Trainee: 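One structure is given below, represented as structure tokens, and several questions about it will come after.
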Amino acid sequence: MKQLLGASALALAAALPAQAQDDKVAVTVNAVQIFGTIDPAKINDYTEYMAAVNLYDGLTTVDGSGAVVPQLAESWEISEDSLTYTFKLKTDATFQDGSPVTAGDVVYSLRRILALNEGPSYLFKDLVTEEAVKALDDQTVEVTLSKVYAPFISVTPLVLVVNQDAVEAEAGEGDAWGEQLLAEAGYGAGPYTLQSWDRGAQMILSRYADYHGGFPEAGRPIDELRFVVTRDEATVRALAQRGELGISSQYQSTETYDGIAAVEGYEILTAPTATGLYIKLNNQKAPTDDVHVRRAIAMAMDYATIREVIYPGAPLKGPLADAFEAAVPTDATAPEFDLAAAQAELAKSPYAGQRPIELVHTYVSKTAFEEEIALLFKATLDSIGFDVTIQPEPWNRITELATSVETTPHATQVFYGPTYPSPDSVFYVQYASDAAGTWSSMDWVDDPAIDEMIAASRAETDTEARNGIYQDIYRKLVEDQRSVWLLTQERRHAVSTCLEGFEWVPMQSWEFDFSRYSWNCS
């Protein structure tokens, strides 16, 4: 299967080179997992956001500094009680069928998110009711929250707006919210339209020339995006050797990056991020329900080897990357590898007399560096009294396992980056009890004290005070060793030197908005 997928990817790229014969600029991007859905009310992982950010526009978007900036909404006002948000829409924004974007479309889109109760709905369901979202006129949307939620503007990029009239006209009988329709086709106001999609192999998007946001004036806009789904490192290197790779995923092996860097016309771009590589520890399943076991696991991690040899990155002191500096305690220190201390900590556990202590460790299958980390995990832990079973799984299986405490493994390697530009995205999404049941929250923390602090941070409108609460959350999670924090990802991409405009954005996959890129091969 691996060879067949690699062959199909190469065949596609060979048929559609970076500079096509009709003089359109076409860029090939590799993704390491399938696009499960393109429905903006259901998306929840990095590949799905890669597609969504190109097919749809939100009320707002995020720039490289992490600032929330206008997109479909040109401005907004917040009431004195911090409950009512009034958005004024741009007058020139159109959907990809040419029809105007109206306040009614925004209302429909947010109500649809609430009704379907998937994807980003958890961010809105306890804050907004359907009746509290109103169109005051064609260009004005009013959203009234049921309680104060200080980071609300930071989640508005996830209100990706769909074309209500088109969806309702084309959805089949019994498909009230157009779920079947939007699962397979795009109905947005984004810079690209869906041209074709072979779910297991590739997706092709075409530029919407009348996109209201425009395209860079320098260089040439990207006319066609080809997302090729492959985990095969040889395929990615071959795409570069043939000059067909525009930009790689961020999840290639060091060997692949080094190989592509040697190819003429390619470079490796690096950028610090707010994304962490975690080992999620199931806090509700024996033996990782015991804090001494969790601490022993953390102390037995060879952080330097992982960061410097297996997968280069920066230290991650705790649950929040240093990119959110004001929310990180000033006395936070990076965890250290100390097997003697790990053994001493393990001796305090009620499971210490039941050696060997059995653990299941899971990672995304066919990911070379995660396999190396898993082997190192087993070697060090087995040496101090554990018996680790390594269990590689495809990503879609990991997301299934994450839905219940019983099926979630003891330890799982997961990359997590903020889905919106706020520490709340890190704390609430991963550690709040009412956000549990997804791949992001495989720790199953279920701690009333953490829940109370997260709720307090969300209600605090004073920035300095809110950052103080964030620091308290951080300290408590570290004290109880709710996860193992391996490293902060330093994003690496193999990129054609002709492709310009890359800028890391502190929001999941927003740097893959190709309306911000241009092609310059002069």
Side-chain angles (χ1 to χ4, degrees), residues 31-37 39 41-50 52 113 116-123 125 158 231 251 275-290 293-294 297-298 316 319 358-367 370-371 373-374 377 388-420 424-447 450-451 454 477 480-486 489 508-509:
V32 297
Q33 63 194 35
I34 66 170
F35 295 83
T37 183
D39 186 330
K42 296 184 177 183
I43 53 175
N44 65 35
D45 65 33
Y46 101 93
T47 47
E48 293 169 359
Y49 278 98
M50 283 171 66
I113 289 172
L116 296 184
N117 196 31
E118 297 186 43
S121 65
Y122 67 91
L123 296 170
K125 64 182 180 182
L158 296 176
R231 283 191 173 278
Y251 299 117
T275 297
L277 175 55
Y278 299 71
I279 294 180
K280 295 289 190 176
L281 300 177
N282 187 336
N283 284 234
Q284 303 303 318
K285 178 186 286 188
T288 46
D289 60 341
D290 178 56
V293 169
R294 297 196 298 270
I297 292 171
L316 181 60
E358 295 184 354
L359 289 180
V360 174
H361 178 71
T362 300
Y363 67 93
V364 180
S365 57
K366 300 181 182 179
T367 306
E370 291 195 10
E371 180 181 11
I373 292 172
F377 181 95
V388 176
T389 298
I390 297 176
Q391 183 176 297
E393 298 280 5
W395 176 246
N396 61 342
R397 176 58 179 160
I398 289 177
T399 62
E400 291 173 5
L401 294 172
T403 59
S404 76
V405 169
E406 293 73 23
T407 58
T408 299
H410 298 108
T412 307
Q413 291 182 49
V414 169
F415 280 96
Y416 180 80
T419 51
Y420 48 99
D424 182 68
S425 176
V426 176
F427 292 136
Y428 177 78
V429 176
Q430 295 190 95
Y431 300 112
S433 297
D434 58 0
T438 74
W439 62 268
S440 307
S441 56
M442 294 176 78
D443 303 288
W444 295 97
V445 169
D446 194 22
D447 183 341
I450 291 293
D451 291 340
I454 290 174
L477 291 169
D480 295 335
Q481 198 67 63
R482 297 301 189 175
S483 312
V484 177
W485 301 289
L486 292 179
Q489 184 184 30
Q508 186 165 232
S509 296

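The shown structure was predicted, so the numbers you read here are calculated from the model rather than taken from an experiment. Reckoned from all heavy atoms, side chains included, excluding hydrogens, waters and symmetry mates.
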Trainee: Look at the side chain of Thr407 and the backbone N and O of Leu401, then say whether any donor-acceptor pair between them is shorter than 3.5 Å.
Mentor: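 Between the backbone of Leu401 and the side chain of Thr407 there is a qualifying donor-acceptor contact (under 3.5 Å).
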
Trainee: Rounded to the nearest 0.5 Å, what separation is found between the CG atom of Asp447 and the OG atom of Ser433?
Mentor: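 Here the interatomic distance stands at 7.5 Å.
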
Trainee: Indicate the atoms forming the closest heavy-atom contact of Tyr416 with Ser425, along with that distance.
Mentor: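 Looking at all heavy atoms of both residues, the shortest contact is OH-O, 2.7 Å.
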
Trainee: Quick one: does Glu48's side chain have a donor or acceptor within less than 3.5 Å of a partner on Phe35's backbone?
Mentor: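 Not a single qualifying donor-acceptor pair exists.
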
Trainee: OG1 of Thr288 to CD1 of Ile297: how many Å apart, nearest 0.5 Å?
Mentor: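 If we round to the nearest 0.5 Å, Thr288:OG1 and Ile297:CD1 are 6.5 Å apart.
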
Trainee: Identify the two heavy atoms, one from Pro120 and one from Ile43, that lie closest to each other, and give their separation to 0.1 Å.
Mentor: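 Heavy atoms of Pro120 and Ile43 come nearest at CD-O, 3.9 Å.
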
Trainee: Could you check Gln413, Met442, Gln391 and say which one makes a side chain to side chain contact (heavy atoms under 4.5 Å, CB included) with Ile398?
Mentor: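 Exactly one option meets the side chain to side chain contact (heavy atoms under 4.5 Å, CB included) with Ile398, and it is Met442.
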
Trainee: Keeping the roles fixed (side chain from His361, backbone from Phe377), state whether a donor-acceptor pair exists under 3.5 Å.
Mentor: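 Judged by distance alone, no pair lies under 3.5 Å.
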
Trainee: Compare every heavy atom of Ile390 with every heavy atom of Ala374, then report the nearest pair and how far apart it is.
Mentor: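 Scanning both residues, the minimum pair turns out to be O-CD1, 3.6 Å.
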
Trainee: Yes or no on side chain to side chain donor-acceptor pair (under 3.5 Å) for Tyr363 and Glu393, after CA distance, side-chain angles and deciding distance?
Mentor: CA-CA 6 Å; Tyr363 67 93; Glu393 298 280 5; over 6 Å; no

Trainee: Can you find a heavy atom in the side chain of Val32 that is under 4.5 Å from one in the side chain of Arg231?
Mentor: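 In short, these two side chains touch, coming nearer than 4.5 Å.
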
Trainee: Would you check if the side chain of Gln508 reaches a backbone N or O of Tyr420 as a donor-acceptor pair within less than 3.5 Å?
Mentor: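 Looks like no, no N/O pair under 3.5 Å.
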
Trainee: What pairs with Glu358 under salt bridge (Lys or Arg N to Asp or Glu O under 4.0 Å), at least two apart in sequence or on another chain?
Mentor: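 Expected list: none.
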
Trainee: Is it true that a side-chain atom of Asn283 and a backbone atom of Arg482 form a donor plus acceptor pair closer than 3.5 Å?
Mentor: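 Checking the backbone N and O of Arg482 against the side chain of Asn283, a donor-acceptor pair under 3.5 Å is found.
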
Trainee: For the pair Gln481 (side chain) and Ser483 (backbone), establish whether a donor and an acceptor sit closer than 3.5 Å, ignoring hydrogens and angles.
Mentor: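 A pair under 3.5 Å: yes.
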
Trainee: Mind checking the CD1-CG spacing from Ile279 to Leu277? Nearest 0.5 Å is all I need.
Mentor: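 Going from CD1 on Ile279 over to CG on Leu277, the span is 7.0 Å.
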
Trainee: Is any side-chain heavy atom of Val364 less than 4.5 Å from a side-chain heavy atom of Pro392?
Mentor: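 A side-chain contact under 4.5 Å is absent here.
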
Trainee: Can Tyr46 and Phe415 be said to form a ring-ring contact (aromatic ring centres under 6.0 Å, His included), step by step?
Mentor: CA-CA 10 Å; Tyr46 101 93; Phe415 280 96; 9.4 Å; no

Trainee: I'd like to check Tyr251 versus Gln489 (side-chain heavy atoms, cut-off strictly below 4.5 Å). Are they in contact?
Mentor: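 Touching, per the 4.5 Å side-chain cut-off.
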
Trainee: Are the side chain of Lys42 and the backbone N or O of Thr37 linked by a donor-acceptor pair below 3.5 Å?
Mentor: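 Here the side-chain-to-backbone pair does not exist.
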
Trainee: I need the Ser441 OG to Asp446 CG distance, nearest 0.5 Å.
Mentor: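 Ser441 atom OG to Asp446 atom CG measures 11.0 Å (nearest 0.5 Å).
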
Trainee: Please check: side-chain N/O of Arg294 versus main-chain N/O of Leu281, any donor-acceptor pairing under 3.5 Å?
Mentor: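 It does not hold such a pair.
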
Trainee: Quick check: does any side chain N or O of Asp451 sit under 3.5 Å from a backbone N or O of Ala432, one acting as donor and the other as acceptor?
Mentor: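 Such a contact is absent between Asp451 side chain and Ala432 backbone.
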
Trainee: Of all heavy-atom pairs between Ser365 and Pro394, which one has the smallest distance, and what is that distance?
Mentor: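 That would be OG-N, 3.3 Å.
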
Trainee: Does a side-chain heavy-atom distance below 4.5 Å link Val484 with Tyr278?
Mentor: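 When only atoms from C-beta onward are counted, Tyr278 and Val484 do not touch, as no gap falls below 4.5 Å.
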
Trainee: If you compare all heavy atoms of Trp444 against all heavy atoms of Ser404, which two are closest, and at what distance to 0.1 Å?
Mentor: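 Shortest heavy-atom separation between Trp444 and Ser404 comes out as CZ2-C, 3.4 Å.
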
Trainee: To the nearest 0.5 Å, tell me how far Leu116 CG sits from Asp39 CG.
Mentor: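 That separation rounds to 6.5 Å.
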
Trainee: Which atom pair, heavy atoms only, marks the closest approach of Gly276 to Leu316?
Mentor: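 Reported closest heavy-atom pair: CA-CD2, 4.0 Å.
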
Trainee: With salt bridge (Lys or Arg N to Asp or Glu O under 4.0 Å) as the rule and sequence neighbours excluded, what pairs involving residues 433-443 come up?
Mentor: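 The answer is Lys280-Asp443.
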
Trainee: Using modelled atom types and a 3.5 Å cut-off, is there a donor and acceptor pairing between side-chain atoms of Thr438 and backbone atoms of Ser440?
Mentor: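 Present.
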
Trainee: Between Trp439 and Asp45, is there a side-chain donor-acceptor contact under 3.5 Å, judged purely by atom types and distance?
Mentor: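 Side chains of Asp45 and Trp439: no pair found under 3.5 Å.
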
Trainee: Side-chain contact, heavy-atom cut-off 4.5 Å: Pro319 with Phe427?
Mentor: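 Answer yes - side chains close enough.
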
Trainee: Just verifying a value: how many Å separate Thr412 OG1 and Asn282 CG, rounded to the nearest 0.5 Å?
Mentor: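 Reported to 0.5 Å precision, the distance equals 8.0 Å.
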
